[in-house]
Structures are given as C-alpha cells and as structure tokens.
Asker: 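Dropping the structure in here first, questions after.
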Amino acid sequence: MATTILHVDSSPLGEASASRRLTADIVAALRAAAPGARVLRRDLVAAPLGHLSGTTLQGWGAADIAALAPEARAEAELSEALLAEFLAADTLVIGAPMYNFSIPSQLKAWIDRVVRAGRTFRYGDKGPVGLATGKRAIVASSRGGAYSGDAGRQALDHQEAYLRTVLGFVGIADVAVVRAEGLAMGEAARAAALAAAARDIAGLAPAAA
Ligand SMILES: Cc1cc2nc3c(=O)[nH]c(=O)nc-3n(C[C@H](O)[C@H](O)[C@H](O)COP(=O)(O)O)c2cc1C
C-alpha cells in the first residue's frame with residue numbers, strides 16, 4: 001500500500017509562517033521521493049479544535065458513540081477521525097512554532113486528542129507502552145530565538161523536547177527535527193536559519209514508496 005503522510009500545521013500566520021513553509025517543503029520533498037504517497041491534511045488553524053471539555057471526555061468514555069447527545073457525539077466523532085488519520089499515517093509532518101517556550105495551544109489541543117489511553121498508549125505492569133509504533137515523525141520547528149546552543153539555553157526548550165517526549169510516549173522513536181531558529185534575530189540570522197532548515201530537508205531520508 002502507498003505510504004501515508006499526515007501533514008499538520010498549527011501556525012496562525014498563513015503565508016508569513018516559517019513552520020508552514022517548512023512543512024510544505026518537507027511534504028514536497030517526501031512526495032518527490034515517493035510520488036504515490038497519500039497525503040492527509042490537518043490544518044489546526046483552518047479547522048481549530050477546542051480545549052478538551054467535560055463533553056469531550058464523556059464522549060471518549062462512551063461504549064456507543066451513536067447513543068450520545070448530539071454535542072458529545074460530534075466531539076467523539078471528531079476525536080475518532082483525528083485518531084484514525086494519526087494511526088493511518090506512516091510519516092507525521094508536524095509544524096510546531098515555539099510559543100512561550102512550548103507549543104501553540106492549537107497543536108496541544110490536537111495532541112490531547114491523539115494521545116489516548118487504550119488507543120495510542122496503554123499502561124502495562126512495567127509502565128507505559130506506546131501503541132502507535134512503526135511511524136516516523138518530522139517536526140518543523142520555528143523559533144524567534146535560539147536554543148540549540150549551550151545547556152542553559154537548551155533547558156529553556158519545552159517545544160522540541162516536549163514533542164520528542166510525547167511522540168516517544170506513544171511509540172514513535174524515529175523523530176527528526178527540521179529547525180529554523182533565531183528567526184527574530186535580524187535579517188541575516190533569519191536567512192541563515194531558513195537556509196539551515198532547507199539543508200536539513202534536503203538531507204531527510206526518503207519516505208518508503
Ligand atoms: C505568542 C507567541 C509566543 C512566542 N514565544 C516564543 C518563545 O518563547 N521563544 C522564541 O524563541 N520565540 C517565540 N515566538 C516567536 C515564534 O517562535 C516565531 O515567530 C516563529 O517563527 C513562529 O512560527 P511561525 O512563523 O510558523 O508562525 C513567539 C511568537 C508568538 C506569536
């Protein structure tokens with residue numbers, strides 16, 4: 001079967017977004033190497049997800065979604081659709097700006113719906129077990145400042161570090177980061193950051209055909 005790529009974006013900046021530019025370039029590079037690839041799209045700004053609510057959690061616990069009240073049913077069906085595309089993907093391409101040392105709440109709302117007990121992880125007698133194995137993730141990381149230098153600066157990164165943690169938690173150990181950082185540190189720094197990210201993209205391993 002053709003490989004499936006899930007293309008996720010979370011920046012609200014549209015054409016001006018660095019992470020959107022990177023995810024588009026990553027997906028284009030993957031497609032060039034695997035022309036038969038199926039690409040699923042999840043734009044978390046064009047179709048925003050709300051915070052988890054009591055209704056959302058009620059829907060997750062339901063034995064029969066069809067029997068739920070309309071609002072809970074819609075929430076449960078949305079969660080199921082998000083899980084289905086997450087599980088169908090062989091490669092995740094995730095646009096992730098750094099917002100206040102972490103990730104935008106748009107992206108967090110998605111993570112909160114795809115990291116699900118019994119669906120993408122479970123607890124065994126030795127601790128958590130990831131169930132979404134066999135996938136590869138490519139994170140397009142954009143940052144105004146720079147954090148990949150010394151340990152002191154790296155300690156401020158709760159964006160890439162968090163994404164590696166949560167992806168690993170569901171069983172995805174193959175995580176590559178395409179990083180554009182220092183984007184707000186002047187024109188030269190921005191150009192250098194985007195050039196470095198372009199080199200990273202050129203060096204990505206191709207998707208399976
Ligand atoms: C609300 C907000 C919070 C931000 N917080 C940080 C931050 O903590 N550290 C940082 O280096 N850049 C921060 N930035 C800058 C963004 O990471 C940078 O503009 C990046 O390019 C955003 O990704 P995008 O271009 O794909 O939207 C922040 C930007 C916004 C709008």
Asker: Give the C-alpha distance, both sets of side-chain angles, the deciding distance and a yes or no for side chain to side chain contact (heavy atoms under 4.5 Å, CB included) between Leu30 and Ile138.
Answerer: CA-CA 11 Å; Leu30 295 175; Ile138 305 170; 4.1 Å; yes
Asker: Just by modelled atom types, is the Ala89 backbone N or O under 3.5 Å from a matching donor or acceptor in the Lys135 side chain?
Answerer: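 Yes.
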Asker: Is there a path of hydrophobic side-chain contacts, each under 4.5 Å between heavy atoms of I/L/V/M/F/W/Y residues, joining Val93 to Val175?
Answerer: no
Asker: Please determine, by modelled atom types, if Gln159 and Ser102 share a side-chain donor-acceptor pair under 3.5 angstrom.
Answerer: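 Not at all, the side chains of Gln159 and Ser102 share no donor-acceptor pair under 3.5 Å.
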Asker: Less than 4.5 Å apart, any side-chain heavy atom of Tyr123 and any of Val129?
Answerer: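 Heavy-atom side-chain distance check fails, nothing below 4.5 Å.
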Asker: If we ignore angles and hydrogens, is there a donor and acceptor under 3.5 Å between the side chains of Ser10 and Trp110?
Answerer: no
Asker: Is there a side-chain contact between Arg136 and Leu167 in this structure, where contact means two heavy atoms from C-beta onward sitting under 4.5 Å apart?
Answerer: no
Asker: If every non-hydrogen atom of Ser141 is compared with every non-hydrogen atom of Arg143, which pair is closest and at what distance?
Answerer: OG-NE, 3.5 Å
Asker: If hydrophobic clusters are built from ILVMFWY residues whose side chains come within less than 4.5 Å, do Leu107 and Phe169 share one?
Answerer: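 Same cluster: Leu107 reaches Phe169 through Ile, Leu, Val, Met, Phe, Trp or Tyr contacts under 4.5 Å.
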Asker: Please determine whether the number of non-hydrogen atoms from other residues, nucleotides or ligands lying under 6.0 Å from atom CZ of Arg116 exceeds 12.
Answerer: yes
Asker: Looking only at heavy atoms, what is the nearest atom pair of Leu194 and Ala180, with distance?
Answerer: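 Heavy atoms of Leu194 and Ala180 come nearest at CD2-CB, 4.1 Å.
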Asker: Under the 3.5 angstrom rule, does the side chain of Arg20 hit a backbone N or O of Ser11 as a donor-acceptor pair?
Answerer: yes
Asker: Ala197 and Val178: which non-hydrogen atoms are nearest, and at how many Å?
Answerer: O-CG1, 3.7 Å
Asker: Give the intermediate values and the outcome of side chain to side chain contact (heavy atoms under 4.5 Å, CB included) for residues Val8 and Thr23.
Answerer: CA-CA 8 Å; Val8 180; Thr23 58; over 6 Å; no
Asker: Same hydrophobic cluster for Tyr147 and Ile103, using side-chain heavy-atom links shorter than 4.5 Å among ILVMFWY?
Answerer: no
Asker: Quick check: closest heavy atoms across Ala132 and Ile172, and the distance to 0.1 Å?
Answerer: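 So the minimum-distance heavy-atom pair works out to O-CG1, 3.4 Å.
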Asker: How long is the span from the CD1 atom in Ile94 to the CG atom in Leu6, to the nearest 0.5 Å?
Answerer: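 If I round to the nearest 0.5 Å, the distance is 7.5 Å.
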Asker: Please evaluate residues Phe86 and Thr120 with respect to the criterion side chain to side chain contact (heavy atoms under 4.5 Å, CB included), reporting the C-alpha separation (whole Å), side-chain torsions for both, the decisive distance (0.1 Å), and the verdict.
Answerer: CA-CA 9 Å; Phe86 181 83; Thr120 52; 3.9 Å; yes
Asker: Ala29 and Ile201: which non-hydrogen atoms are nearest, and at how many Å?
Answerer: CB-CG2, 3.9 Å
Asker: CD1/Ile5 to CG/Leu40 distance, rounded to the nearest 0.5 angstrom?
Answerer: 9.0 Å
Asker: Contact between Val45 and Asp9 at the side-chain level, heavy atoms closer than 4.5 Å - yes or no?
Answerer: no
Asker: If the condition is salt bridge (Lys or Arg N to Asp or Glu O under 4.0 Å), which residues does Glu85 pass it with, not counting sequence neighbours?
Answerer: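 Here the qualifying residues are Arg42.
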Asker: Using the rule that Ile, Leu, Val, Met, Phe, Trp and Tyr join whenever any side-chain heavy atoms are under 4.5 Å apart, tell me whether Ile111 and Leu131 fall into a single cluster.
Answerer: no
Asker: Is there side-chain contact between Arg113 and Leu83, with heavy atoms separated by less than 4.5 Å?
Answerer: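 Side-chain contact under 4.5 Å: no.
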Asker: Verify whether one side chain among Gln154 and Ser148 offers a donor that lies under 3.5 Å from an acceptor in the other.
Answerer: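 On atom types as modelled, these side chains do not qualify, holding no pair under 3.5 Å.
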Asker: First locate atom OG of Ser53, then atom CD of Glu75, and finally report the distance between them rounded to the nearest 0.5 Å.
Answerer: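 Answer for the OG-CD pair, Ser53 versus Glu75, is 5.0 Å.
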Asker: Using 0.5 Å steps for rounding, measure from the CE atom of Met98 to the CG atom of Leu156.
Answerer: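 Reported to 0.5 Å precision, the distance equals 7.5 Å.
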Asker: So, for Tyr99 and Phe101, is the gap between ring centers shorter than 6.0 Å?
Answerer: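 They do not qualify: ring centres at least 6.0 Å apart.
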Asker: If we ignore hydrogens and angles and just use 3.5 Å, is the side chain of Arg190 paired with the main-chain N or O of Met185 as donor and acceptor?
Answerer: no
Asker: Under a 4.0 Å N-O cut-off, is there an ion pair linking Arg21 with Glu15?
Answerer: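 No, Arg21 and Glu15 are not salt-bridged.
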Asker: So, are Glu77 and Arg73 salt-bridged, with charged N and O less than 4.0 Å apart?
Answerer: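 Yes, this pair counts.
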Asker: Could you measure the distance from the CG atom of Leu22 to the CD1 atom of Ile26? Nearest 0.5 Å is fine.
Answerer: 6.0 Å
Asker: Answer yes if Val170 and Leu52 sit in the same cluster of Ile, Leu, Val, Met, Phe, Trp and Tyr residues linked by side chain heavy atoms under 4.5 Å apart, and no otherwise.
Answerer: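 Different clusters.
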Asker: Is there a donor in the side chain of Arg38 and an acceptor in the side chain of Thr4, or the other way round, less than 3.5 Å apart?
Answerer: yes
Asker: Checking side chain to side chain contact (heavy atoms under 4.5 Å, CB included) for the pair Val177/Leu163: CA distance, chi angles, key distance, verdict?
Answerer: CA-CA 10 Å; Val177 174; Leu163 289 169; over 6 Å; no
Asker: Compare every heavy atom of Ala96 with every heavy atom of Val139, then report the nearest pair and how far apart it is.
Answerer: CG1-CB, 4.1 Å
Asker: Could you work out, with side-chain hydrogen bond (donor to acceptor under 3.5 Å, both in side chains) as the rule, every residue matching Glu80, not counting sequence neighbours?
Answerer: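 Arg119.
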Asker: If you measure from CG on Asp43 to CD on Gln106, what distance do you get to the nearest 0.5 Å?
Answerer: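 Here the interatomic distance stands at 10.0 Å.
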